[in-house]
Amino acid sequence: MAEAGASTPLMDQYRAVQARYPGHLVLFRVGDFYETFGEDAKLLSRELEVVLTARSSDSRGERIPMAGVPHHAVESYLGRLVRKGYKVALCDQVEDARFAKGLVRREVTRVVTPGTVIEDRILPGPEHNFLVAIALPEAASAAFGAVDVTTGELYTGIVEGTGPTALLLALAPFAPREILLPLHAAPGSRESVEAALHGEFPSARLEAAPSSVGRDGWPAPLVASATGLPAPEEEVVGRIVRYVAATQPRLLPFLERLPRAPGDRRLRLDGKTLRHLEITRPMNPEGEGSPTLLSTWSETVTGPGRRTLGFWLRNPLSDVPAIVERQDAVAALLDLGEEMGGIRDVLRRVADLSRITARLAGRRLRPPELAAVRSSLQSVVEVRSILGAAGRAPATAALAERLDPLPELAHTLAAALPDEPPATVESGGLFRHGFHAGLDAARAQEEEALQELETLERTEALASGIKSLKIGYNQVFGYYFEVTRPHLARVPPHFRRKQTLSGAERFTSDALTALETRILEARERASEAELGRWEAFLAELEPEIPRLHRLSRAVGELDVLLAFAWIAYRRGYVRPLVDESTTLSIRAGRHPVLDVTLGERFVPNDTELDLVGTRLVVLTGPNMSGKSTYMRQVGLLVVLAQVGAFLPVASARIGRVSALYTRMGFTDEIARGKSSFMVEMTEVAEILASADERSLVLLDEVGRGTSTFDGLALAWATLREFHDRIRCRVYLATHYHQLSELTATLPGAATAHLAVEETGRGIVFLHRLVAGGTDRSFGIHVARLAGMPPGVVEEAERLLARLESGGLTLQDGARRPRSERPRFAQAVLLPTPMPPEDIEAAQVREALAALDTDRVTPMEALALLAEWKRRLHPAGTER
Ligand code: ATP
């Protein structure tokens, strides 16, 4: 904020605006620049790398920091500020400086926030841009609402479960850009929610914002759709309504509450799963540009299509009839074969109607965008007639039916707009001749006067004998006769001198002045009539906005279904059977991203899980054999199947999954300040707390980040919990080969591994899934591939050989006299010297053999493991 004491009328005006717009970065128009002062100037200079200057601000010459951006480039700077999460208020001069008495009046004309922006140049792309609001009632479940003002879609829901994790799960599919929190919440709860939101959505802007009082200010359609809404949901809608009313009031009437899926039966994907499976973003934030499911499957041809695909992939269905309906549509389109290519070519010409519609509502529309709507409607008619041609399958005809070509709007636009509208409203020429009588009359007067101007030029040239006499125009002097120096002697007496140039003189005359007045007045009238008509015209188009939004959504959905069909057609993908069974059965499945990037080199694999047979598979296999890839493949195939897509498989039966949980790798959370083991345990704990029988769980290693026995004990206890209590479908990849052996005792579990072939020159990864466990990790082989120094690799091989021959045991080298200690300081491998621990070990082995693993509870298992560990490694010998 500006320093106290520094005061001039301009600074007072600036501070008054700042006070009215708390939390906003005020960009204050002064001349050709938007300026900021004081602390905001320092911030602007830092964030946008613009020069920080100073302005002397009062009579004593006190200087305050100042930084600004040129007004003509403000859009690009706004984009950068909004992407960095700022909320900006643009304060403009609202009267002409020439006519102002004293200080020019200034008002905030635009507020731009990350979640309510509608300008194409500021929005990051065609994907949804969600503003999210939450309610945190003390005695009831939390609620959320998510609105994309650029498409009018508003989704609301009650958060299932309690605590920040449940809230994050509910919000993950929206990837919010801005989040509105309640002003008041139970003590402490807002802080913990805020911290969790910040951790999960680091680039989203958070703000505490009030809700409306009752349904005050709600537009009628929202009121109608809110009947029977639970109080917390009503609160979030109210919070959104108030915020949009303050930032984009013109868009408010066009928000429409929609269901996300029939009965809200969706396949729930939390933020971690979305990241681990790289659904829309690469897992490694630095891997920007590396392929994701969305980027690989982006065969859509329109903005709405791309947006719909992203939204569907983040919100797969879990309602069998709804999935089958989409599959039927894909199948019907697939039957069109090559013809699909032609339809896609027409569809490609359809603009992002929703976004244009939002700018129409928000009055930030450029004339060519309306022309784009006009031509889009023509393309819609074309697509509709191809899809609706006689003899088409009912599903195809139904898709055609959904494309409302808005004939009245098409007619209005065709009648009103010229073939090529000007780039900006100010340029004039917005309407076709014959559309507006008053405008045409003013234009005709201007035209007539302009013709008289030509006549005047000719007559004066003739009368004076100055053949080169020309009438010209400039903004400062208006119209003038120009006479070059050699002809000055022939200038007639009724010419009055206006301006002297080096080689010529400029004059005017009564006739020219009179004509000028006529021309300028006619032009002014035309421009006034035109701008007035433009405003009225946009207002007339407003009633069509809801239909335009709906058409845009229908175009988006058709585009995605066509993309699925096109992909299936081109790549030979197959319709999965999705049903209410509890089976997950895939023949020759391929990873839907690697199938594209690796092509033929990708090795297909089967998947077989069923709640009535093997519901849990422990997956072992060497490093680099493809365990993670396989599990991601299973997850991605389920997501795609439940979105309605066809799959890269020979055949598949997917018993509906209601939630998909994954735990893979560490990368994303460590950066947020937690140890990798802590992250791992937190994630596993969350999955154990949330998973139910319809869940699919994919765990890549449990208990790896701690000591072997702790890890093994935790992995085993976790596995039992899934097998015995939760009883859902699970894949668990591990390097604990012991886990495969233990698994043999569980009726609902099996083991599998990814095979390798040992050749004389090393091993070959076959990437083929084979039943049964394996007891080799080939970690040293992989270490060599990774470029570990040859000395280290050779030493490791020597030690491994001795360990495997049974003549070695792990022992703490630190207890031996220094002279006897080998090169490695921690755990070292030595020939077995003495038997006492072996006695303990034998006893533990016996106890293990006697244990009935079917009867032991997870807690007992943990206790036993702890005891055995104590016996095998008495205190002080921990490694
Ligand atoms: P680690 O245990 O070290 O984490 P991993 O067993 O999980 O390894 P992945 O990371 O899944 O191994 O795969 C290793 C490499 O093998 C990847 O580069 C992947 O592209 C390739 N790969 C995995 N599965 C297949 C397959 N089915 N066909 C072809 N290549 C594959």
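Nothing fancy with the numbering, it's 1 onward along the sequence. Both counts, for ligands and for their atoms, begin at 1 and track the order of listing.
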Report yes or no: does [X] contribute a side-chain atom to a donor-acceptor pair with the main-chain N or O of [Y] at less than 3.5 Å?
X	Y	value
K627	D700	no
H723	L746	no
T273	L660	yes

> Purely on distance, is any nitrogen or oxygen of Y630 under 3.5 Å from one on ligand 1?
Replying inline: no
> For V603, is at least one N or O under 3.5 Å away from an N or O on ligand 1?
Replying inline: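 Yes, at least one N or O pair falls under 3.5 Å.
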Which protein non-hydrogen atom lies closest to [atom], naming both residue and atom, and how far is it?
atom	value
atom 8 (O) of ligand 1	M624 N, 2.9 Å
atom 2 (O) of ligand 1	K627 NZ, 2.7 Å
atom 7 (O) of ligand 1	S628 OG, 2.6 Å
atom 16 (O) of ligand 1	H767 CE1, 3.1 Å

Which atoms of ligand 1 have any heavy atom of [X] under 4.0 Å away?
X	result
P622	6 (O)
G626	5 (P), 6 (O), 9 (P), 11 (O), 12 (O), 13 (O), 23 (C), 24 (N)
H735	2 (O)

Any donor-acceptor pair under 3.5 Å linking the side-chain atoms of [Y] with those of [X]?
X	Y	answer
Y573	D595	yes
D610	T582	yes
S298	R306	yes

> Is G621 near ligand 1, meaning one of its heavy atoms is under 4.0 Å from it?
Replying inline: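 Per 4.0 Å heavy-atom rule, G621 does not contact ligand 1.
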> Nearest to atom 23 (C) of ligand 1 by heavy atom, L766, T629, L594: which?
Replying inline: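 Ranked by closest heavy atom to atom 23 (C) of ligand 1, first place is T629.
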>> Any protein heavy atom at under 4.0 Å, with atom 27 (N) of ligand 1 as the reference point?
In response: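 Neighbour list for atom 27 (N) of ligand 1 includes protein heavy atoms (cut-off 4.0 Å).
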> Quick one: does NZ or CZ of R571 land under 6.0 Å from the six-membered ring centre of W566, within 45 degrees of the ring axis?
Replying inline: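 No cation-pi geometry.
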> Taking everything shown except R694 itself, do over 12 heavy atoms lie less than 6.0 Å from its CZ?
Replying inline: yes
